[in-house]
Structure formats: structure tokens, C-alpha cells
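Residues: numbered from 1 along the sequence shown. We count ligands from 1, going down the list as the structure has it; atoms in each ligand are counted the same way. Computation of the quantities below employed the complete heavy-atom set of this structure, encompassing side-chain atoms and omitting hydrogens, waters and symmetry-equivalent molecules.
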Amino acid sequence: MISIRILFVSGMALIPAVGLAQDAGERPVSTGVFSEAQAARGLGAYRTSCESCHAKSEYTGDKFKVAWVSRTAFDLFDVIRSQMPEDNPGSLERQEYVDIVAYIFSLNAYPAGSAELPADDDGLKKVRIDNPPGGAPAAARSGRRLTPHPRIGFRQ
Ligand code: HEC
């Protein structure tokens, strides 16, 4: 009898708690999810381990948006950690990979905040990559608004 009541009560309490955690726990990158110091560390690691093969343009602008917007910081972290550097995947410290993700965010003009990007899987999964601030380049906008554009064009 007692154990049934406990199960019932904790079950009732868990349902709303899980719902809240999913809604409130997610943070868009544009709200400041890494610190300036972290991005600076990431730049250092990037120079040592990535720059020899990659230009910054590979992680910025439309290339970044097409590949990563709507995914999570964990997705970006996981690809880099499991595949890069191409000649020695997984060879950096976990924290260095996380710092590089912060650096890539800063390259894309997301603002720094007061706290660091978390290094644990769960924390990274709660960080959602939204559109970089500062106005989308025309190419990205036209992709989504193909229909209105011809009409504007005819009028001008
Ligand atoms: C020895 C050369 C080399 C080094 C060093 C290197 N990369 Fe790469 N990287 C590549 C190549 C080649 C590709 C393309 C692989 C492919 O498309 O299959 C790539 C692809 C990527 C991608 C795209 C992966 C995807 O699936 O979208 C990312 C992100 C990336 N590298 C990040 C990094 C980071 C961060 C570092 C430093 C930790 C790094 N790379 C170091 C050669 C390198």
C-alpha cells in the first residue's frame, strides 16, 4: 500500500517537472552562451590544431548557417571532436574542443555572455544554434522568400 502511494505521488510530480525542464532548459546561442575568455582560448587551440587546414570562411556566413543553424552546440562539438583534426581525430582535450566551439560562435558574431559554454554533453545539448545576429546576408534571405521577390523585382 505504501509503495503504491509513493509511486503514484512521485509519478504525478514528475510529469510537470519534465515538461518544464524541456521548455525552459534550452538556450539560443544569441543569448550569450560563452565567455570572451573562452572564445580567446578557443582561438589559441584553433591556431594550433585547425588553422593549417581550414580557412575561417569555412565556419562563417552562409556555410555556417546551412550546416549548423537549428542544430545544437553538442552536434557541432561532436562532429569536431570525433572527426578533427583530420590527421588525428579526438587528440585534443574535451575542454579545448568546447573552447573551439565557443570561438566558432564568436566568429559568427554571436555575443559573449558572462558564463562559459558548458563542457558536458547535457549542457551542450541545451544550447540551440539560432540564426547569427547582425542581419542575414541576402543569399540566406532569398532562399526563404523566393515567392515575393519576383513581384518586388517587377515593380522596380
Ligand atoms: C589535416 C587537416 C585538417 C585539420 C588539422 C583539421 N581539419 Fe577539419 N576538415 C579537414 C577536411 C579535409 C575536412 C572535410 C572532410 C569531409 O568533408 O569529409 C574537414 C572538415 C571539417 C568540418 C566539417 C565537418 C562536417 O561534417 O561538417 C569541421 C567543422 C572541421 N573540419 C573543423 C575542424 C576543427 C575545429 C579543427 C581543429 C580542431 C580541424 N577541423 C582540423 C581537414 C582538417
*Could you tell me whether the side chain of Leu107 reaches within less than 4.5 Å of the side chain of Lys56, counting heavy atoms only?*
yes
*Can you tell me the protein heavy atom closest to atom 27 (O) of ligand 1 and the distance?*
Trp68 CZ2, 4.1 Å
*Looking at atom 15 (C) of ligand 1, would you say a protein heavy atom lies below 4.0 Å from it?*
no
*Specify whether an N/O/S atom of Met84 falls short of 2.8 Å from atom 8 (Fe) of ligand 1.*
yes
*Atoms of ligand 1 less than 4.0 Å from Ser49 heavy atoms?*
5 (C), 37 (C), 41 (C)
*Hey, is Glu58 touching ligand 1 through its side chain, its backbone, both or neither, going by heavy atoms under 4.0 Å?*
neither
*Is the closest basic N to carboxylate O distance between Lys126 and Glu26 below 4.0 Å?*
no
*asked:* If the cut-off is 4.0 Å to any non-hydrogen atom of Val79, which atoms of ligand 1 fall inside it?
replied: 24 (C), 25 (C), 26 (O)
_Tell me whether Arg94 at atom CZ has more than 12 heavy atoms from other residues, nucleotides or ligands lying less than 6.0 Å away._
yes
*Salt bridge flag under 4.0 Å for residues Lys65 and Asp130*: no
*Does the ring centre of Tyr59 sit less than 6.0 Å away from the ring centre of Phe64?*
no
*atom 8 (Fe) of ligand 1 to nearest N/O/S of Cys53 below 2.8 Å*: no
*Do other residues, nucleotides or ligands put more than 12 heavy atoms under 6.0 Å from Glu36 CD?*
no
*Check whether any side-chain heavy atom of Ile80 sits under 4.5 Å from a side-chain heavy atom of Ile104, and report yes or no.*
yes
*Out of curiosity, does Phe105 fall in the hydrophobic cluster containing Val66 (side-chain heavy atoms, cut-off under 4.5 Å, transitive links)?*
no
*Numbering the atoms of ligand 1 from 1, which are under 4.0 Å from a heavy atom of Ile100?*
35 (C), 38 (C)
*Option whose closest heavy atom lies nearest to atom 9 (N) of ligand 1, chosen from Glu86, Glu51, His54*: His54
_Under 4.0 Å to a heavy atom of Tyr59 - the qualifying atoms of ligand 1, by number_ = 28 (C), 29 (C), 30 (C), 32 (C), 33 (C), 34 (C), 40 (N)
*asked:* Any protein heavy-atom neighbour for atom 18 (O) of ligand 1 (distance below 4.0 angstrom)?
replied: no
*asked:* Please list the nearest protein heavy atom to atom 38 (C) of ligand 1 with its residue and the distance rounded to 0.1 Å.
replied: Cys50 SG, 2.7 Å
